[in-house]
Amino acid sequence: MLHILFENLREIHIISSDVFLSNLKERKILLAVLYYIVVPVSNLIFLSFIPIVQKGTGIAIFQAQLATTELIKTYFVSFFLGQILIALLTSDQIAGEVERGTFTLLRSKPLNDWSIALGKYLGMLYTLIMLILPVSILYFVSILGIYEADWPWTYIKSLDEIIAACVLIVLLLGVIVSLSILSSAVFNKSMHSIISTLLVLFVLSISGSALFGSNNYFSMSWYVDAIFPHFFYNLEPLKDAPNGSVLVLVLVAANIAIVGLSCIILMLKEDY
Amino acid sequence: MDSLSIIETHNLSKFVQGKPIIFRMNLQIPAGSMFGLLGPNGAGKSSALKLITGRIKPTSGMAKVLGFNPWRQRKRIFKHVGYLPQNPTQPPDKTVLSYLHFMARLKGFSRAEALEQAREILYQVGLGRLENLNVMKLSGGQKQRLGFANALLGEPDILILDEPTASLDPEGRIYVMELISEYAKAKNRTVVISSHILPEIQRMTNHIAIMANGRVLTSGPMWVLTKEVYDTEYEVQCSHPDLMHEALSEVGYECTLENGIIYVSNLTNLEKFWTEVPKICADNSWELKTLRPTHDALERVFLNYVRNPMEVNST
């Protein structure tokens, strides 16, 4: 039993490492690096030029929370470059392999189909985490510095908030990546996969909250607004917002369900 | 399942949009054989191999490879099977070595073993000096060799090759055919090859199945299928073709002369023909250069079945 588990984990690790390393060589990744790093850096530069009236620990924490929340919304919630880049990078992971014909050779090795789907998902997640997470943490810490929070205590006390933000970033990222992997497993052409991912993200980002009201599980904006105040203990949570851990569980379940569905689709996929 | 059959299909069919691309295919591929799947373009050879390798799901019927169901147990099968699809494509971002190393890792080798295995096989297929070249820079033939190298990883018990020499130049074709034959003989492995090139199949295989329109028309050991072939058309080449043509016509043979070769058709008594032609040459002191059937035995079997399709399935 343990041997089979180890074998499957090994397969997933080999594929995810390959996806990660291949991504680093992709030109598209440069566009993502540019966007995910340039946005926070330019925000910080802008902030350092405007005169700051109030400084100190309380204001610094408030500003850091607010700015990081907005950054996460820009990256993952608004239907803008942040989401579009993830869709562009991820949606051809399986569909592109099918389109190029490399999927056949990948499938001619002793692998589970679900290892391929999971490996692709994790490989993309590693890549994007590597791109986004360090920058977001540095962004939060830099703002604490700009607003002159007490060193080092405020920084140490902010660790739980940073960890919570990281968890949220990974989960939101996971949802977008898993949706892209799902459409990549469904379609045999990269273009179809990219367009369908973008359509789904558009519905989730804009129509989700418009159709069902802003406070619902289909609105990614609500996740950020509702969950952050719980972790960022200095702020009041949104009215009627459920417990933060429930939302985390919902996001985890969404990740598992979407990746699981991708695995099933891939297992049933014929390779003509 | 027959205890000697390593691959077996029973009434295996695949329908796409209501049309059969494979219909009631019955095959038994013996362990250790060199099995050729022969048929014209569009006969269903690649689809048959896709069904056997679990790339597509059968609509009905049964397939077993080493006792496993290819569609449901693909992972188990590919531990023992090396597969070369038609026109294999490699990822464009990799070098020859990194690609084969990755595939060897997926086959279950550790990093160091995979590297060693990849280098060894690249050398075997004649790509050793190109290991650092990007796969995009390889020629069609070199890509095919790399695909073949990928199929050889882990010394599989069964090699399934879909048109392995399709995009190779004559030299590469001979090289790969020799490589396949050597591999099968040295390791006593089973090799399944699909091709529409008769001489290739004849040269490499000892068992064949002839397919047309998604059906297996006949299958069995090559010697069994060709032993009853009766050649009715012969070609004769000698030092005096004009005179030989006249002599044969006088004896009563239907023959034509084209480019110095005499084509004799509608032969009814081969024994007599085989005696008379050398005798005419000897009596006139002409040099007999060639006396052979216009079509060889396999070609004759193939044309007989493909032109007059009738499902036989000798196995």
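Chain A is the first sequence line, chain B the second, and so forth, proteins listed ahead of strands; every chain is numbered from 1. Quantities reported herein were computed from a predicted structural model and do not represent experimental measurements.
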- For atom CD of A:Glu26, decide whether the heavy atoms of other residues, nucleotides or ligands shown that lie under 6.0 angstrom number more than 12. yes
- Interchain contact, B:Arg72 with chain A, by part (heavy-atom threshold 4.5 Å): neither
- Task: Heavy atoms only: give me the nearest A:Pro110-B:Lys75 pair and the separation to one decimal.
- Result: CB-O, 3.4 Å
- Message: Nearest 0.5 angstrom please: B:Arg55 CZ to A:Phe103 CZ, how far?
- Response: 10.0 Å
- Query: Can A:Glu11 and B:Arg105 be counted as an ion pair, charged N to O under 4.0 angstrom?
  - Reply: no
- Intermediate values then yes/no, side-chain contact (heavy atoms from CB on, under 4.5 Å), B:Lys14 and A:Glu270: CA-CA 12 Å; B:Lys14 176 68 183 174; A:Glu270 291 186 293; 2.7 Å; yes
- Message: Looking at B:Tyr123, I want to see if its OH is surrounded by more than 12 non-hydrogen atoms of other residues, nucleotides or ligands under 6.0 Å.
- Response: no
- Kindly determine whether B:Lys50 and A:Asp271 satisfy side-chain contact (heavy atoms from CB on, under 4.5 Å), including the steps that lead there. CA-CA 8 Å; B:Lys50 283 175 189 172; A:Asp271 176 22; over 6 Å; no
- Query: Among A:Ile14, A:Leu21, A:Asp113, A:Leu268, which residue forms the greatest number of heavy-atom pairs with chain B at distances under 4.5 Å?
  - Reply: A:Ile14
- Message: Checking the side chain of B:Thr89 only, and the main-chain atoms of A:Arg100 only, is there a donor and an acceptor separated by less than 3.5 Å?
- Response: yes
- Query: With respect to chain B, which residue among A:Asp18, A:Ile15, A:Leu106, A:Asn112 yields the maximal number of heavy-atom pairs within a distance under 4.5 Å?
  - Reply: A:Asp18
- Query: Using a cut-off of under 4.5 Å for heavy-atom pairs, which of B:Val16, B:Asp93, B:Thr53 has the most such pairs with chain A?
  - Reply: B:Asp93
- Query: Say you draw a straight line from CZ of A:Arg107 to OH of B:Tyr83; how long is it, rounded to the nearest 0.5 Å?
  - Reply: 11.5 Å
- Sort A:Glu7 into side chain, backbone, both or neither according to what part of it lies under 4.5 angstrom from a heavy atom of chain B. side chain
- Item | B:Met62, CE atom: more than 12 neighbouring heavy atoms under 6.0 Å | yes
- Item | Interatomic spacing from OG1 in A:Thr104 to CG in B:Asn87 - rounded to 0.5 Å | 11.0 Å
- Residue A:Lys25 excluded, over 12 heavy atoms near NZ under 6.0 Å: yes
- Output the option from B:Arg76, B:Arg74, B:Lys94, B:Lys107 having the highest count of non-hydrogen pairs under 4.5 Å with chain A. B:Arg74
- Message: Please check if the number of heavy atoms outside A:Met130 that lie under 6.0 Å from its CE is greater than 12.
- Response: yes
- OG-CZ distance between A:Ser17 and B:Phe102, expressed to the nearest 0.5 angstrom: 9.0 Å
- Message: What part of B:Leu153 gets within 4.5 angstrom of chain A, counting heavy atoms only: side chain, backbone, both, or neither?
- Response: side chain
- Message: Looking at A:Lys28, I want to see if its NZ is surrounded by more than 12 non-hydrogen atoms of other residues, nucleotides or ligands under 6.0 Å.
- Response: yes
- Message: Report, in residue-number order, which members of residues 254-266 of chain A are under 4.5 Å from chain B by heavy-atom distance.
- Response: none
- Looking only at B:Pro92, B:Pro88, B:Ser46, B:Gly108, the option with the highest number of non-hydrogen pairs under 4.5 Å against chain A is B:Gly108
- Supply the atom-to-atom distance B:Leu106 CG to A:Ser115 OG, rounded to the nearest 0.5 angstrom. 10.0 Å
- Greatest number of heavy atom pairs closer than 4.5 Å to chain A - which of B:Met103, B:Gln90, B:His80: B:Met103
- Distance in Å, A:Ser108 OG paired with B:Asn150 CG, rounded so as to fall on 0.5 Å steps: 5.5 Å
